[in-house]
Every structure is written in C-alpha cells, then in structure tokens.
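Below is one structure, written out as structure tokens; the observations come after it.
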Amino acid sequence: MITHRIIHHNVIGSTNDEAKRLAASGEKDGTLITADTQTAGRGRMGRVWFTPPDSAIAMSLILRPATSEIHLAQLSLLGGLAVAEGIEAVTGLKPQLKWPNDVLIEDKKVAGVLAEASFDGNKVEWVVLGIGINVNAAPPPEVILETPATCLRPWTGREINRAELMRAVLDHFDSHYYSADAGLGSETLTKEWKARLAYLGKPVRVVTAIGWVEGALRGVTSAGNLTMRLADGSHREFLAGDVHLRRM
Ligand code: BT5
C-alpha cells in the first residue's frame with residue numbers, strides 16, 4: 001500500500017477543484033484532498049454533487065499514471081469498484097456499479113465518481129479521481145433529478161465511521177491500481193467490474209447526444225467501455241462521455 005499524503009479541509013468548495021489546482025502546481029502522485037463539507041461539489045458535465053455536511057465522504061486523489069495507456073473510464077470504474085468493495089468490507093452490503101461512475105445499493109445511488117485529467121499531447125500528466133459517498137445522511141430529494149439517492153445508514157442501522165470507510169476504500173483502490181497482474185486493462189479486473197455491474201443482461205437504453213439505443217447490457221471491456229446486444233443480435237460498444245445509461 002502507498003501512504004497517501006492527506007490534506008483535510010473542514011469546508012471547501014470542491015475537493016476536485018482543489019486537487020486539480022495542486023496537481024497543476026506539481027503535487028505528487030498519491031496526495032489525497034478530503035473535506036467534511038463541500039459547498040460547490042461537482043458531478044460530471046457541470047452537474048451538482050450534494051455533500052451532506054459532516055456525514056459524507058468527499059475526497060479527491062491525485063494520480064500521475066506511469067503509462068499513457070490509461071482511460072478515464074477505467075479509473076472511474078476502478079474508483080467505483082473500490083467504493084463498492086470498501087463498503088462491503090465495512091458493512092457487509094454488496095453495492096453494484098452503474099456504468100460508468102455510480103455506485104448503487106438496491107438501485108439507489110450511494111456514491112459517485114468523477115475522474116478528470118490533464119493531458120500533454122497524448123500523455124496523461126495527472127488525473128484527479130473524485131469520490132463522493134453518502135455515508136450517514138442522504139441528500140435532500142429535491143437535489144436528485146435522475147437516480148434516487150440513498151446513504152449507508154438505513155441499510156446498516158448504525159452510524160458508519162467515515163475514517164474507517166475511507167481507509168477501506170483507499171486500500172481496495174491501491175490493491176487494484178498498483179497490482180502488477182490484476183490492474184487496469186487486465187482480465188481479472190474486468191471480471192471484477194462485470195461481477196458488480198448493475199442491470200447485467202437486462203434491457204437498458206443508452207442515451208447519447210444524437211439519440212438513443214436500446215438493447216441488453218452485456219458487460220464492460222477492459223478499457224471501461226460498455227457493451228450491449230441489440231435486438232438484431234449485433235453488438236455495440238459505448239465510450240463513457242456524454243452518455244447516459246437507463247434501465248427500462
Ligand atoms: C457523479 O456525477 O456522480 C460524480 C460525483 C463526484 C462527487 C465527488 S465528491 C468529491 C469530489 N469533489 C467534487 O466536486 N466532486 C467529487 P454525475 O454522474 O454527473 O451525477 C450527478 C447527479 O447525481 C446530479 O445531477 C444529481 O442528480 C445526483 N446527485 C447529486 N448529489 C448526489 C448525492 N449526494 N447522492 C446521490 N446523487 C446525487
């Protein structure tokens with residue numbers, strides 16, 4: 001395991017913004033920014049991420065990948081897997097991954113991942129992997145537009161120690177990310193994603209900027225793309241990006 005340098009804030013706008021600022025000024029691989037409360041938490045594409053004060057996990061990990069053969073979708077999925085495994089280790093619950101970046105308990109969103117990066121040409125300079133987990137309080141229903149939200153508390157019946165859960169998530173992340181043979185791009189990791197994938201084999205709709213496609217969800221590729229089987233038997237692959245996955 002690597003030892004992360006942790007910079008904690010009681011209140012901050014967004015841990016991802018702070019991590020990006022630090023990464024751009026040379027902060028090293030493994031530094032983690034955490035906060036008890038975010039006032040301007042972000043989701044993908046400018047969406048709002050609500051952080052219930054003093055009861056959630058909001059953290060952003062700075063990574064400087066050794067290889068440029070890395071896709072942000074892989075890191076989102078890996079972040080989600082680490083969250084799911086960390087939650088399972090601490091609570092016994094078995095969360096699922098909703099491609100590309102959500103963690104669900106019984107179809108409700110308990111956590112979200114936001115991977116952002118800076119490139120120098122084709123080479124990744126740094127990645128900021130932001131993770132938000134609803135631990136002891138759920139966000140108010142009015143901030144949730146699409147997937148219903150939940151937190152861990154109603155499922156465990158007890159308050160969860162946020163530091164313990166954060167450690168568990170980071171340990172699981174490290175054990176995959178720094179694995180020589182079961183890391184990003186490996187068949188082992190791809191199988192672990194698939195084993196946790198929400199809606200596997202179920203009818204889904206993928207909504208893209210130019211329309212939508214319906215089919216059965218087949219799985220994910222080692223690059224983190226979604227695969228679907230369409231009604232005519234053909235297969236389609238989707239890159240994460242401005243794409244939404246919906247259950248039908
Ligand atoms: C995400 O975006 O799910 C990524 C969330 C990443 C948050 C972390 S917290 C630490 C770090 N610092 C940041 O500023 N961000 C990262 P997306 O898939 O775009 O989902 C956003 C949507 O989820 C919103 O439009 C709401 O509908 C919903 N949402 C907002 N807050 C939520 C919450 N606490 N729990 C569940 N759903 C939420």
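Each ligand, and each atom within it, is numbered from 1 in the order the structure gives. Both backbone and side-chain heavy atoms feed into the values below; hydrogens, waters and symmetry mates do not.
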Look at [atom] and say which protein heavy atom is nearest, naming residue and atom and giving the distance to 0.1 Å.
atom                    : value
atom 31 (N) of ligand 1 : F50 N, 2.9 Å
atom 36 (C) of ligand 1 : A149 CB, 3.5 Å
atom 5 (C) of ligand 1  : W49 CE3, 3.4 Å
atom 30 (C) of ligand 1 : V48 O, 3.2 Å
atom 4 (C) of ligand 1  : V113 O, 3.5 Å
atom 21 (C) of ligand 1 : R47 NE, 3.9 Å
atom 12 (N) of ligand 1 : Q38 OE1, 2.9 Å
atom 26 (C) of ligand 1 : V143 O, 3.7 Å

Numbered atoms and elements of ligand 1 in range of [X], under 4.0 angstrom, heavy atoms:
X    : answer
G41  : 14 (O)
N134 : 33 (C), 34 (N), 35 (N), 36 (C)
D102 : 3 (O), 18 (O)
T15  : 10 (C), 11 (C), 12 (N)
S60  : 11 (C)
R42  : 5 (C), 6 (C), 7 (C), 13 (C), 14 (O), 15 (N), 16 (C)
N101 : 1 (C), 2 (O), 3 (O), 4 (C), 18 (O)

Determine whether the side chains of [X] and [Y] contain a donor N or O and an acceptor N or O closer than 3.5 Å.
X    : Y    : answer
N225 : H71  : no
W155 : T91  : no
S118 : E125 : yes
S234 : D232 : yes

Original post:
Would you say R218 and R229 make side-chain contact, with heavy atoms under 4.5 Å?
Top reply: yes
Original post:
Under a 4.0 Å N-O cut-off, is there an ion pair linking E85 with K94?
Top reply: no
Original post:
Salt bridge or not for D17 and R42, using N-O below 4.0 Å?
Top reply: yes
Subject >> side chain to side chain contact (heavy atoms under 4.5 Å, CB included) partner of I160, chosen from R158, E164, R162 >> reply: R158
Subject >> Whether over 12 other heavy atoms sit under 6.0 Å from K123 NZ >> reply: yes
Original post:
Quick check: are there more than 12 heavy atoms from other residues, nucleotides or ligands sitting under 6.0 Å from NZ of K108?
Top reply: no
Original post:
Between the candidates P148, G43, S14, which shows the shortest non-hydrogen contact distance to atom 2 (O) of ligand 1?
Top reply: G43
**OP:** Check each of M59, R44, K109 against atom 3 (O) of ligand 1 and report the one with the nearest heavy atom.
**Re:** K109
Subject >> CA sep, side-chain torsions, deciding dist, call: K191, E187, salt bridge (Lys or Arg N to Asp or Glu O under 4.0 Å) >> reply: CA-CA 6 Å; K191 278 191 184 144; E187 206 177 306; 3.5 Å; yes
